[in-house]
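Take a look at the structure below.
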Amino acid sequence: MEHWCRISEFRCRRLEFRPVFPKRGANLDEAGIPMRLSQYFMPILRDDPKEAEIVSHKLMLRTGMIRQEAAGSYSWLPMGYKVLRKIEQIVREEQNRAGAIEVLMPTIQPADLWRKSGRYDAYGKEMLRIKDRHDRDMLFGPTNEEMITDIFRQGVQSYKDMPRNLYHIQWKFRDEVRPRFGVMRGREFLMKDAYSFDISREAGQHSYNKMFVSYLRTFARMGLKAVPMRAETGPIGGDDSHEFLILAETGESGVFFDKDFFDMDWSAFDIDYDDVGAVAKVVQDFTSKYAATDEKHDAAEFEKRVPEGRRLSGRGIEVGHIFFFGTKYSEPLGCVVQGPDGKMVTVQSGSYGIGVSRLVGGIIEASHDDAGIIWPEPVAPFRIGLINLKAGDADTDAACNNIYKALEAKGIDVLYDDRDERAGAKFGTMDLIGLPWQVIIGPRGLKDGIAEVKNRKTGERSNVALDQIVSRFTA
RNA sequence: CGGAGUGUAGCGCAGUCUGGUAGCGCACCUGCUUCGGGAGCAGGGGGUCGGAGGUUCGAAUCCUCUCACUCCGACCA
């Protein structure tokens, strides 16, 4: 139990962590879709549904983000879907920045492809097998190595067309024996998976390193410090592998790591991805310190390398996993290209996953309090919750409408609680859904021309003149 | 897949042992009074009791079968 206390000290610090990157290119998909709560679909529950065991699952159900349709399978209701899409967009932007190219492969795959790789029989009952009307064997894809390798092989025959990294963000299905913890371990889940193809071992390592750095950036932008840990390559195999874990008491893995991770400069990886040395150095910095999941943990080594005062242990949620395969898959699948000397070369490959839907739950696990969710701004469903304390009062309505329209005009995501509810209910709801900022307008402040601005995370409140509200959020 | 449970109104539950045709809290609707941290009073709507079969004059309740979901274990992004 003792290590929990130690971890929780760091939880506070972790939550203060702020994304350090300028937003190059706004989230065009998601920019400012303001909404009046009286017209929204957000079925709030006052009580915890009994099937939910962990806090993120409870909160997602209570805030009407998701609805369970079957074991491990969920509908994403408007607010949950908005968060999911924001996370997805951050992942997409950082993949693109690292030079990966987006594709989209089908959810349903032909079994033949998997028979060729030998995994059709090997994959076991986790693979959902289906037959089409012609009685052909199909499957709902649990992953896409076979398909992407086939795509790459068909499209590339020469070293001149390399390196390439192709990724997609698509729903996967793994028929888990026992799904649990809501979207953290569903059967159907949204995943980003990328696949790199290189001509040499060294080039392949650089591709791996680029993904490593892009993962640090991706999670940092979501307000998370995801600690990279050397991982078992497991049944997927390969030469090199790291998992990225965020700390949470409900994590599925025990983790042991050096406190230094929290003191490192998490902004130092805003670098040129073509600079092989610089990329390698970041990876070096982040892999030189001790960090391991319980599978790989070596107590003796931990004690040898990390002074007692810096040893941290706790539990973690895996949000990303990267593998370098070498020729493990390309060789049996005959994925070869012609090199500059005319000889055929077996491609070096790697694969890189991020659990997009899992991150929604993971972020809540890492960022909440007794009152509800505390969204990090970059993934919040709305940036501001505007509270009308006296809906129906002409002056209050007018003031709120003005602010709402002004924020809307600036493209700011705002959820306007214009319901005819009591103040307490509105505060409770707003705290529960955890929007980063609350703008509170009532007759009391209105007399003096002010609104109250509250920060959900710190609880800090300040009075702001009505005509300063918009500039407060656009500066 | 082994073990343990649970299915009754949108959510949380009682009623089942001991059969007599369904109830409580929250939520929801109407009215009045309230109104800056989940109000009060009055009135009201909503349930094939997971499903099928059986026993019985009569089944939420007893019997048989079945489906779904949850938890513990093994497994996983």
Side-chain angles (χ1 to χ4, degrees), chain A residues 43-54 57-58 61-64 67-73 91 123-127 141-144 169-194 215 226 231-232 234-236 241-246 251-253 293 295 316-323 351-362 371-372 387-393 396 417 419-432 438 440-447 450-452 454 459 461 463:
Chain A
I44 295 270
L45 299 175
R46 194 103 169 235
D47 304 308
D48 288 331
K50 64 173 174 180
E51 74 264 22
E53 199 60 23
I54 62 171
H57 192 191
K58 288 178 182 171
L61 290 167
R62 283 192 56 200
T63 58
R67 195 182 93 107
Q68 177 163 324
E69 299 297 354
S73 148
V91 170
Y123 215 93
K125 301 195 91 170
E126 283 206 341
M127 182 188 278
T143 179
N144 288 73
I169 300 173
Q170 177 63 292
W171 292 91
K172 306 284 195 292
F173 194 95
R174 290 182 195 171
D175 199 358
E176 299 278 351
V177 191
R178 184 148 110 82
R180 69 185 114 173
F181 303 149
V183 300
M184 299 267 289
R185 186 161 167 206
R187 290 191 294 176
E188 189 172 343
F189 57 98
L190 186 62
M191 183 175 172
K192 185 282 302 182
D193 42 330
Y215 275 35
E232 289 287 357
I236 299 180
S241 174
H242 288 91
E243 309 183 299
F244 290 74
L245 292 101
I246 57 176
E252 71 269 275
S253 316
T293 61
E295 294 176 322
I317 298 167
E318 182 182 351
V319 290
H321 202 154
I322 59 179
F323 297 90
S351 90
Y352 315 91
I354 290 181
V356 176
S357 50
R358 155 173 278 212
L359 269 166
V360 180
I387 299 179
N388 182 339
L389 283 181
K390 195 166 184 179
D393 176 80
T396 318
D417 189 349
R419 297 171 305 163
D420 184 16
E421 286 287 343
R422 300 174 66 81
K426 294 191 174 196
F427 290 135
T429 298
M430 208 52 91
D431 286 346
L432 177 68
Q438 295 174 15
I440 301 159
I441 296 180
R444 211 167 71 188
L446 220 49
K447 287 198 307 250
I450 56 167
E452 193 177 355
K454 177 183 160 188
R461 301 151 181 273
N463 290 322

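Residue numbers begin at 1 in each chain, while the letters A, B, ... track the order of the sequences.
For A:Arg185 against B:C75, a side-chain N or O and a base N or O form a donor-acceptor pair under 3.5 Å. Put simply, the side chain of A:Asp431 and the base of B:G37 share a donor and an acceptor less than 3.5 Å apart. Between the side chain of A:Arg422 and the base of B:U34, at least one donor-acceptor pair of N or O atoms lies under 3.5 Å. With hydrogens and angles ignored, a donor-acceptor pair under 3.5 angstrom links the side chain of A:Arg461 to the base of B:G37. On a pure distance criterion of 3.5 Å, no polar donor-acceptor pair joins the side chain of A:Glu421 and the base of B:G38.
Side-chain atoms of A:Asp431 and A:Gln438 include a donor-acceptor pair closer than 3.5 Å.
Using P as the reference atom, B:C75 and B:C28 are 46 Å apart when rounded to the nearest Å. Across B:G7 and B:G47, the matching C1' atoms stand 14 Å from one another, rounded to whole Å. Separation of the P atoms belonging to B:A39 and B:G46 is 27 Å when rounded to the nearest angstrom.
The nucleotide B:C65 finds its pairing partner in B:G51, both defining distances of the Watson-Crick or G-U wobble pair being shorter than 3.5 Å. Taking a pair to require two hydrogen-bonding distances under 3.5 Å in either a Watson-Crick or a G-U wobble arrangement, B:C57 pairs with B:G20. With a cut-off of 3.5 Å on both Watson-Crick or G-U wobble distances, the partner of B:G10 is given as B:C26. Nucleotide B:U70 forms a pair with B:A4, judged by Watson-Crick or G-U wobble geometry with both contacts under 3.5 Å. Searching all strands for a Watson-Crick or G-U wobble partner of B:G38 with both distances below 3.5 Å returns nothing.
The pair A:Arg67-A:Glu69 counts as a salt bridge, with a side-chain nitrogen and a carboxylate oxygen less than 4.0 angstrom apart.
Taking only side-chain nitrogens and oxygens, A:Arg46 comes nearer than 4.0 Å to OP1 or OP2 of B:A27. A:Arg174 has no side-chain polar atom (N or O) that falls below the 4.0 Å cut-off from OP1 or OP2 of B:C75. Residue A:Gln68 places none of its side-chain N or O atoms closer than 4.0 Å to OP1 or OP2 of B:A68.
Partners of A:Lys172 under the side chain to side chain donor-acceptor pair (under 3.5 Å) rule, at least two apart in sequence or in another chain, are A:Asp193.
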